[in-house]
Amino acid sequence: LVYVTGKTGRGKSVFANQLALSLAHNATVGGCPTAVYSMEMQRDSVLRRWLANLSRVPTRAIRSGRIDDEQAGAIAAGISRLDTEYNLFVSSFRRWTTASLRADLWRLKNEHGVNFFVLDYMEKIKDDIWGAKPHERSAEISDRLQDMVGELGLTGVVIQRLNKEGQSGEVAESHHMAGSMQLAFDSDLTIIVQDFIPRNDSEKMIGDEKKRNLVTLTLSKVREEAATRYVHLVKDAGFPAFKNYCSPKSAPPPNVTLTR
């Protein structure tokens, strides 16, 4: 169970959906059939983002239809690739409960071999937990999600927002996830999408304009008390995606392979 969190607008959904696209690529030759439960964005919006990344035609142009012949060809090729090269299942149903989610994932695992999913996002889950306070409700839902991934043998990436302290602070940590602190302990890995955090002298010299195009992922495991690891990514200008970044004057950070 992996939680992805971060301040509003930093790219939590972009990162998680890009990870899903990358994992689902060529599922028949080593990729991973993947399910995406988008409880905020409509299914068409998710598909449009993926299509923009594959075709290299900006999302705005695809949405408006103002494209030239070359872009039209690239979009057609992108649609074909999504259909033939990517094993993805997308739902924008907004009334999922942990019970119905478990049933759907059981079906997808047995019928299509799905073993990875993205849930965007946890607070949209509709479990009816009578009398529970918000932090108790989030703890119970997190516990149910943890049981689900364990019993079904799945890997799940669940998006969750930050609490007020995390939203207003300079650097967020695992315990800043909205709801119960239990979420951080339930998670096998917590990934926080942050504003750029320089890690050495050369990175501290990066100008403000370039910093605005960078984000830092902090990866931590609360249960194991493991050291936090850092990965820098570059915003892919004009596209809902990130690209890998490596500081030229330092050892490369742990790499995250992403589809452009």
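What you see below is based on every heavy atom in this structure, not just the backbone, and it leaves out hydrogens, waters and symmetry mates. Here, residue 1 is the first one in the sequence, and each next residue gets the next number.
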Looking only at heavy atoms, what is the nearest atom pair of [X] and [Y], with distance?
{"X": "S138", "Y": "M122", "result": "CB-CE, 3.7 Å"}
{"X": "I206", "Y": "Y245", "result": "CD1-OH, 3.3 Å"}
{"X": "P240", "Y": "A52", "result": "CD-CB, 4.4 Å"}
{"X": "K204", "Y": "K211", "result": "O-NZ, 4.2 Å"}
{"X": "L162", "Y": "G6", "result": "CD1-C, 3.4 Å"}
{"X": "D236", "Y": "R56", "result": "OD2-NH1, 2.9 Å"}

Under a 3.5 Å cutoff, is there a donor and acceptor pairing between the side chains of [X] and [Y]?
{"X": "Y3", "Y": "D186", "result": "no"}
{"X": "E203", "Y": "H232", "result": "yes"}
{"X": "S220", "Y": "S174", "result": "yes"}
{"X": "T98", "Y": "D127", "result": "yes"}

Surrounding [atom1] of [X] (heavy atoms of other residues, nucleotides or ligands, distance under 6.0 Å), is the total greater than 12?
{"X": "W106", "atom1": "CH2", "answer": "no"}
{"X": "K126", "atom1": "NZ", "answer": "yes"}
{"X": "D69", "atom1": "CG", "answer": "no"}

- Item | Verify same cluster id: L1, V4 (apolar side-chain graph, 4.5 Å) | no
- Under 4.5 Å between side-chain heavy atoms, hopping through other hydrophobics if needed: is there a path connecting F93 to L105? yes
Short side-chain to backbone donor-acceptor contact, [X] and [Y], under 3.5 Å:
{"X": "R94", "Y": "E40", "value": "yes"}
{"X": "R43", "Y": "V90", "value": "yes"}
{"X": "S64", "Y": "R60", "value": "yes"}
{"X": "W50", "Y": "N17", "value": "yes"}
{"X": "S168", "Y": "K164", "value": "yes"}
{"X": "E85", "Y": "L82", "value": "no"}
{"X": "S100", "Y": "T97", "value": "yes"}
{"X": "K7", "Y": "G169", "value": "yes"}

Under-4.0 Å salt bridge between [X] and [Y]:
{"X": "E151", "Y": "R102", "value": "yes"}
{"X": "D128", "Y": "R137", "value": "no"}
{"X": "R144", "Y": "D147", "value": "no"}
{"X": "K221", "Y": "D188", "value": "no"}

- Which class fits the ring pair H112 and F89: parallel under 30°, tilted 30 to 60°, perpendicular over 60°?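 Rings of H112 and F89: tilted, as their planes differ by 30° to 60°.
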Quick one, [X] and [Y] - any side-chain contact, counting heavy atoms below 4.5 Å?
{"X": "L219", "Y": "Y230", "value": "no"}
{"X": "I159", "Y": "F15", "value": "no"}
{"X": "R49", "Y": "L21", "value": "no"}
{"X": "L119", "Y": "I125", "value": "yes"}
{"X": "S142", "Y": "Q182", "value": "no"}

- Quickly, which of D195, I197, V193, V171 forms a side-chain contact (heavy atoms from CB on, under 4.5 Å) with T216? Name it, please. I197
- Rounded to the nearest 0.5 Å, how far apart are CD1 of I192 and NE2 of H176?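 Those atoms lie 8.5 Å apart.
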- Distance col, row S180:OG vs D143:CG, nearest 0.5 angstrom, shows 10.0 Å
- Message: Going by the rule side chain to side chain donor-acceptor pair (under 3.5 Å), which residues pair with Q167 if we only count those two or more places apart in sequence or in a different chain?
- Response: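 Per chain and number, Q167 pairs via side chain to side chain donor-acceptor pair (under 3.5 Å) with T8.
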- Message: Against the six-membered ring of Y86, is R81 placed for a cation-pi contact (under 6.0 Å from the centre, within 45° of the normal)?
- Response: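 Not flagged: R81 not positioned over aromatic ring of Y86.
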- Would you sort out whether Y121 and M39 count as a side-chain contact (heavy atoms from CB on, under 4.5 Å), showing the intermediate values? CA-CA 6 Å; Y121 64 100; M39 299 178 73; over 6 Å; no
- Start with the C-alpha gap between L101 and Y37, add the side-chain angles, then the distance that decides, and say whether side-chain contact (heavy atoms from CB on, under 4.5 Å) holds. CA-CA 9 Å; L101 190 67; Y37 297 90; 3.6 Å; yes
- Test log, rule side chain to side chain donor-acceptor pair (under 3.5 Å), inputs Q194 and T218: CA-CA 7 Å; Q194 316 246 27; T218 56; 3.2 Å; yes
